[in-house]
Amino acid sequence: MKVKNFNDYLKTRLNESEIAEIEAQAEREFQALKALQQGVAQAINAYMKKENIGFNDMVRKLDISPSKLSKIQKGEANLTLASIAHIAALLKQKPIVNFKDDEKENDFQIYESKFHGKTF
């Protein structure tokens, strides 16, 4: 059996409700990632403003490339947990991840990343 595209193939293997559930899960994961990225971006930007630190100084402090910091500030970086821990340590903050029920909150806040102001 030859199919023209992947969506046609999926329809031969899964029913509509299974496809809808997969799509819903993918959207929840995307929103979770965006919330985490935005939380880190807000923490970095607030720290830079509070401490009056310029872009190039922050690049040196984090020991990352300018393009990486730019992506972090825009909420577009795909950071590892180790990278988040490194950023938190530099900011002298403790990262906290809150899992919220997506039926009670809007989708953007399914998983909310906050940098808590407590020092280590």
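All of these numbers come straight from a predicted model, not from anything done at the bench. Below, all heavy atoms of this structure are taken into account, side chains as well, without hydrogens, waters or symmetry copies.
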Would you say CD of Glu16 has more than 12 non-hydrogen atoms from neighbouring residues, nucleotides or ligands within 6.0 angstrom? no

What closest approach, in Å, do Met58 and Met48 show between heavy atoms, and which atom pair accounts for it? CG-SD, 3.8 Å

Please check this pair: side chain of Gln37 against backbone of Ala77, looking for a donor-acceptor N/O pair closer than 3.5 Å. yes

Just wondering, do Phe55 and Gln73 contact through their side chains at under 4.5 Å, heavy atoms? yes

Indicate whether the side chain of Gln42 and that of Gln38 have a donor and an acceptor atom separated by less than 3.5 Å. no

Are the side chain of Lys34 and the backbone of Gly75 linked by a donor-acceptor contact shorter than 3.5 Å? yes

Given side chains that start at C-beta, do those of Leu79 and Leu36 come closer than 4.5 Å, heavy atoms only? no

Nearest atoms (heavy-atom pairs only) where Leu14 meets Ile22: CD1-CD1, 3.6 Å

Check this for me, if you would: do Arg28 and Glu21 make a salt bridge, where the nitrogen-to-carboxylate-oxygen distance has to be below 4.0 angstrom? yes

Is the shortest side-chain heavy-atom distance between Ile72 and Ile87 below 4.5 Å? yes

Any side-chain heavy atom of Glu27 within less than 4.5 Å of one from Phe30? yes

How about Ser83 and Thr80: does a side-chain donor come under 3.5 Å of a side-chain acceptor? yes

